[in-house]
Amino acid sequence: MQEVSAKPDNIATLSKAIREGLPQEDGVSLYVHMPFCVSKCRYCDFNSYAFTNQDLRRHVNAVLTEARLRVADLKPQTVFLGGGTPSLLPPDLLRRFLDELDTICGFRESSLETTMEANPESLDKATARAVFEGGVNRLSIGVQSLRPEVLQAYDRVHSPEGALEAFAIARDVGFRRINLDLIYAFPGQGEEEWLEDLTTIHALGAEHLSCYELSYEPGTALTRLKNVGRWKAAGEETCAAMFGITREANEAAGYEAYEVSAFAKAGEASMHNLSYWRSLDYVGIGAGAAGWLKGVRRRNIELPDTYESAIHEGADPVAVSERLSPEVVLFDHLMMGLRLPHEGVLISRAQRLSGLDPMQVHGKEIRESIDQGLLEILCDKGGDRLRTTKRGLLILDDILTRFLPDDPSMSV
Ligand code: SF4
């Protein structure tokens, strides 16, 4: 491989947020999806549904049945219970679910990090205690905004005070590792206002922050409002400025920007999410859950009812299962790995995973991107790494389009 630019360094010392050697390359992670929420947020395109008295026990039983079929003795190295809003389940049901899941796959002993997503309106003390005692050791709380009018505009059902209270409950119960999710670039949001909110958040002392730019995904209520002129999105320049000040403010408060939207104190990077960004194996169970295992990508049936029916009929609830082409594996690996500005993509590993040498397949695009100051190659003792520069992070989606394989179904 031709060396395009070199900066001798040791990757192990590049990120303080990421624990060295974790998660392990040969481990497997487990994602569990619980699809119900109190109501549907206007910006949300996740596989989530407003709770209208669906039978939660029947749904949990279906997920456990799938677990018995697909993850028996899995011994996952990380677990993520996401959604939807898992904290919406009653505490006794959550505890039973965790007990049975542990009997099935042994996560309490094997998992380095077991995270559950929670929203302020449903994270009461009984729920927090049930999951803490059930083996969850990290909570991810959906704060999103500290402005009541913004929460209202998103159709979220909690208040800013409710979010702060949820954080206090989590700490009180014993959670030592907490992530807070936040969204910026609300129309008209000023930089001062956002910095003020970040200062309040920093004072809480959570170990991890996820700060996302408000996005307009196809099919969401917000996108429909925007399309008919009833919602004016923040402009590109504003979003770029907010991205910059978010990074600066978080870093000044001791949170390293170890991924495009993820910030962590030393050693507090999310191991589960790192397994996605590093293209490690993971199994997904639950309605609409995706997985990536030994080169096969799989996604379950999305609709909770249809998912449950498939399980109760003894069928595999799979919607899509496909062995990816080498070109798609390489693209997916670049798409995920280039989100990590410190370690980027180890070129030899990309080749091992996909069977293709990225420098041969995309040498021209890589060199152009390096000349434009968007990517760089770092010579590390473990091998050469391709990584995104600070400038490149701002337009990562544009950079990635340069590596799109000739597959009409692919988009960034
Ligand atoms: S709470 Fe989360 S998953 Fe549920 S609708 Fe809102 S953003 Fe989507």
Side-chain angles (χ1 to χ4, degrees), residues 31-54 56 59-60 63 80-90 94 115-124 127-128 131 136 138-167 169-170 178-187 201 206 208-226 231 233 261-262 270 272-273 276 284-290 299-305 307:
Y31 174 76
V32 184
H33 194 77
M34 291 291 170
F36 304 110
C37 296
V38 172
S39 64
K40 182 82 179 174
C41 304
R42 278 181 163 160
Y43 54 80
C44 178
D45 75 331
F46 298 146
N47 186 42
S48 60
Y49 305 85
F51 178 60
T52 49
N53 279 325
Q54 293 92 334
L56 294 175
H59 193 79
V60 162
V63 179
F80 197 99
L81 187 49
T85 306
S87 57
L88 183 70
L89 301 182
L94 271 169
T115 305
M116 188 184 85
E117 286 186 324
N119 275 313
E121 69 278 1
S122 51
L123 191 70
D124 55 19
T127 302
V131 296
V136 173
R138 185 172 179 272
L139 272 189
S140 178
I141 303 175
V143 176
Q144 317 309 1
S145 172
L146 291 182
R147 308 277 161 174
E149 66 281 8
V150 176
L151 292 171
Q152 230 171 35
Y154 291 155
D155 263 355
R156 293 199 47 100
V157 292
H158 60 89
S159 63
E161 296 74 26
L164 303 182
E165 170 74 10
F167 179 82
I169 287 174
I178 300 178
N179 167 63
L180 302 176
D181 275 350
L182 295 156
I183 302 175
Y184 62 88
F186 182 80
I201 291 292
H208 193 285
L209 304 176
S210 302
C211 301
Y212 305 101
E213 181 185 310
L214 179 59
S215 64
Y216 298 87
E217 306 302 333
T220 65
L222 220 52
T223 302
R224 283 194 293 278
L225 286 175
K226 183 167 87 88
W231 183 283
S261 311
S270 160
H272 185 85
N273 287 343
Y276 298 154
I285 59 171
R299 191 163 39 77
N300 274 353
I301 295 167
E302 290 195 343
L303 281 175
D305 259 1
Y307 166 84

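Note that ligands are numbered from 1 as they come in the structure, with each ligand's atoms numbered from 1 the same way. Only a predicted model underlies this, so the values are computations on that prediction, with no experimental measurement involved. Note that the numbering runs from 1 along the sequence shown for the chain.
A donor-acceptor contact shorter than 3.5 Å links the side chain of Lys40 to the backbone of Ser48.
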Item to complete: Could you check Asn179 against Ile141 for side-chain contact (heavy atoms from CB on, under 4.5 Å), going step by step and ending with a plain yes or no?
Response: CA-CA 6 Å; Asn179 167 63; Ile141 303 175; over 6 Å; no
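Taking CZ from Arg138 and CG from Leu81, the interatomic distance works out to 13.0 Å, rounded to the nearest 0.5 Å. Note: Leu222 CG to Glu217 CD = 10.5 Å, rounded to the nearest 0.5 Å. Of the inter-residue distances, the one linking His158 atom NE2 with Leu164 atom CG reads 10.5 Å to the nearest 0.5 angstrom.
Not counting sequence neighbours, Gln152 has no partner by the side chain to side chain donor-acceptor pair (under 3.5 Å) test.
At least one heavy atom of Arg156 sits under 4.0 Å from some atom of ligand 1.
Counting only protein N, O or S atoms, 1 lie closer than 2.8 Å to atom 8 (Fe) of ligand 1.
Below 4.0 Å from some heavy atom of Asn119 lie the following atoms of ligand 1, by number and element: 1 (S). In the vicinity of Ser39, heavy-atom distances shorter than 4.0 Å reach the ligand 1 atoms 5 (S).
Ring-plane geometry between Tyr31 and His33 is classed as tilted, the angle between the planes lying from 30 to 60 degrees on a 0 to 90 degree scale.
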